[in-house]
Structures are given as structure tokens and as C-alpha cells.
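Both counts, for ligands and for their atoms, begin at 1 and track the order of listing.
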Amino acid sequence: MNKVDHSFTIGNVKFNNTVLTASGTYGFGLEFAKIIDVSRLGGIATKGLSLEPKKGNPGERIYETPAGMLNSIGLENPGVDSFKKDYLPEAAKLGTKIIANISGSSLEEYGLMAESLESEKDVAALEVNISCPNVKAGGMAFGTDLKMVEKVTEIVKKNTTKPVIIKLSPNVTNIVDFAQAAQYSGADAVSLINTLMGMAIDINKRKPVLGNVMGGLSGPAVKPVALRMVYQVSQKAKIPVIGMGGISNPRDAIEFLLAGANAIMLGTINFREPQMPLDIIEGIEKYCLDNGFNSVQDLVGLAWKEEKHVKTNRCT
Ligand code: SIN
């Protein structure tokens with residue numbers, strides 16, 4: 001029995017832990033379940049699903065960078081029907097919440113994906129990917145256009161009763177505007193950040209390394225950018241914020257909570273240290289106990305709430 005309450009809620013769904021794993025870094029949880037007790041996680045966001053199966057991009061798709069990783073996978077996945085038939089029944093037995101991450105190449109496809117998953121009782125929530133930098137249609141093209149963010153959110157909400165989490169792109173001038181567009185269009189939560197666009201060049205071949213030329217940068221290198229965006233968004237958002245971007249240890253996770261994230265997702269670190277999500281859960285628990293907090297939610301936003309409090313005191 002935990003001495004600290006680790007739960008948080010999105011819409012009408014209660015998650016038992018604030019530590020979840022990020023889409024695209026955890027498959028459907030089945031391989032990781034052989035290594036760690038995934039039932040202790042708050043949830044698993046699946047690999048991005050599309051209406052039809054996708055082979056992904058050709059050529060090199062992963063490249064290690066100092067303190068990070070570039071990927072240009074291109075949403076390789078078995079498609080939503082195969083997910084429901086071949087993966088979801090097993091994933092549902094893992095004892096944690098399954099969040100289906102969905103991608104569409106048109107507005108209509110987002111609606112159809114939501115509709116297709118509506119009757120799946122083992123899908124706790126939908127995370128809507130409007131921020132993949134590696135596909136030509138949909139993805140980041142939608143997530144960097146305020147009108148499209150509204151339209152995608154609206155069509156998904158129209159086709160589901162499950163909580164809808166909109167996954168935001170950092171490749172915009174002001175991410176707060178995009179979070180607010182999602183919120184005003186009915187999103188139940190936002191998650192941020194997806195990867196930052198980057199590239200690498202092979203100096204011997206004198207060509208870009210990645211087959212798709214550009215890819216998404218993740219890992220510790222992006223953490224300060226992600227933390228800053230969570231800090232900005234959470235001060236304006238009236239819906240829960242899920243923070244992610246380079247979180248690699250308990251200290252990073254606590255920083256995101258203090259910045260205003262109600263929950264966090266772990267991504268790139270899963271490839272290097274698959275037990276880290278559990279170490280982070282324990283680290284958060286210890287921090288709460290050491291500092292007299294009974295609930296992880298009590299930490300949320302203290303970095304700016306305290307600041308506002310101090311400023312108010314100074315003025316009066
Ligand atoms: C990919 O499959 O290309 C990555 C997915 C994403 O960045 O949203």
C-alpha cells in the first residue's frame with residue numbers, strides 16, 4: 001500500500017499512477033512486460049495507430065545524437081483493426097490503462113479511428129497525434145495549424161465518449177495557443193511535447209543520414225525545451241497536462257510535475273533503461289514523503305504557483 005496518492009484523472013477516468021509510457025517507445029507494452037512489472041505504470045500509450053497498416057519510411061530511421069535520438073519511423077504500425085484483434089486483448093491483461101494513440105492523414109480518418117475504438121472497453125482514452133513530423137499528410141501539418149487543431153479535436157470528440165488527449169507539437173511559435181485551441185474544442189487533456197524537428201548529415205556520403213532527411217529529436221537534449229513548454233501551457237490550461245520530453249530520472253520527473261504537469265510520459269529512456277519508469281515512481285514517492293506531500297497532485301505547478309504567491313505577497 002502506497003503512503004502517497006499517485007493517482008490523477010482525465011475526464012471520468014482515474015489513472016492509478018502519474019507515470020506513463022510514451023507512444024512509439026513502448027509498442028503495446030507486451031515486450032516490456034517480460035522485463036518489468038508494467039501494472040505499476042499509470043498507463044501505456046500505444047504506438048501511433050492508423051486506419052490502415054503502415055510500413056513506415058524507407059532507409060535509416062533512427063540515429064543517435066549527443067544526449068538524444070533522431071527518428072523518422074513514419075508511423076509504422078499494424079493498423080487499427082489488427083490492433084483490436086491481435087494486440088489489445090493481450091495488452092488489456094497487463095493490469096494498466098491502455099491509451100490508444102491515433103493518427104489520421106485526413107480529418108475524416110481521425111473521426112473513423114475514434115469511432116472504430118469507441119466500443120473497445122479496454123481502451124481507457126485516446127491520445128490524438130497531430131504532431132508526428134515524419135508523415136506527409138496529417139501529423140505535424142495539422143498540429144501546426146490552429147484551425148486544424150480545432151477541427152481534429154472536434155471530429156474526434158464527436159466520435160468518442162472516451163477522454164481525448166491532444167498531443168501537441170513543439171514545432172510552433174507559441175504552443176500555448178495550440179493547447180488553448182485544443183481545450184476550447186473539447187479536449188479533455190493535452191500531452192506535450194512530441195519531438196523537435198532535426199537532422200544529421202553523413203560527412204563521408206555527404207548526404208542526410210535519415211532516409212526521410214529530417215526526423216524528430218527526443219531524449220535528454222530536448223528536456224529544457226519541453227519543461228519550458230509545460231510550464232507555459234499549464235499556467236493557462238484548465239484541463240490536465242501530461243508532460244514529456246527527455247525525462248530520464250526521478251529528478252527530471254519531479255521538475256515536470258513542479259512545472260505543472262499532472263502526469264508524465266517516459267519515452268526515449270525506455271530504450272536505454274527499461275526499469276526507469278519504476279525507479280521514477282519510487283523517486284516521486286520518496287520526494288513526496290521527504291517533503292510532506294500526501295498526494296503527487298499537490299506538487300503540480302508549485303514552481304509557478306509559489307512564484308505567483310511570492311509576487312502577490314510582495315505587492316501587498
Ligand atoms: C514516427 O512514427 O515517425 C514517430 C511518431 C511521432 O513522432 O509522432
Side-chain angles (χ1 to χ4, degrees), residues 20-29 44-65 68-80 82-83 87 99-106 109-110 113 125-145 148-149 152-153 156 164-172 175 178 182 189-200 208-219 221-223 225-226 229 242-247 265-271:
L20 298 89
T21 53
S23 173
T25 67
Y26 226 67
F28 301 109
I44 292 170
T46 68
K47 174 63 190 162
L49 299 164
S50 47
L51 207 51
E52 302 297 333
K54 262 189 198 282
K55 284 206 180 96
N57 290 331
E60 291 295 323
R61 308 203 298 190
I62 296 275
Y63 182 72
E64 191 169 344
T65 66
M69 179 182 112
L70 282 166
N71 92 79
S72 70
I73 306 298
L75 291 175
E76 178 182 350
N77 80 93
V80 71
S82 167
F83 165 68
Y87 298 95
I99 299 174
N101 179 292
I102 60 170
S103 276
S105 50
S106 65
E109 275 191 21
Y110 278 99
M113 294 284 299
L126 303 181
E127 183 179 47
V128 182
N129 187 350
I130 49 164
S131 42
C132 175
N134 304 323
V135 287
K136 284 195 182 74
M140 205 179 85
F142 284 179
T144 54
D145 177 333
M148 290 309 287
V149 173
V152 172
T153 309
V156 172
V164 171
I165 306 161
I166 301 291
K167 186 164 183 178
L168 301 175
S169 173
N171 301 300
V172 293
I175 197 165
F178 290 81
V190 287
S191 57
L192 61 144
I193 59 172
N194 204 325
T195 52
L196 280 155
M197 279 200 85
M199 70 179 293
V209 170
L210 295 173
N212 204 40
V213 181
M214 291 177 207
L217 180 67
S218 60
V222 309
K223 194 205 98 184
V225 177
M229 290 184 169
I242 302 176
M244 75 189 97
I247 298 173
M265 283 183 175
L266 305 176
T268 306
I269 192 66
N270 296 319
F271 299 120

Main-chain N/O of L266 paired to N270 side chain as donor or acceptor, under 3.5 Å: yes

Expected output: side-chain N212 to main-chain N57 donor-acceptor under 3.5 Å: no

Set of salt bridge (charged side-chain N to carboxylate O under 4.0 Å, His left out) partners for K54, sequence neighbours left out: none

Qualifying residues under side chain to side chain contact (heavy atoms under 4.5 Å, CB included), relative to P170, sequence neighbours excluded: I193, N194, L196, M229

Ligand 1: protein residues within heavy-atom distance under 4.0 Å: K47, N71, I73, G74, L75, N129, C132, P133, N134, N194

Residue pair S169 / T144, side-chain donor-acceptor N/O under 3.5 Å: no

Residue pairs passing the side-chain hydrogen bond (donor to acceptor under 3.5 Å, both in side chains) test where at least one lies in residues 71-80, sequence neighbours excluded: S50-N77, R61-E76, N71-N134

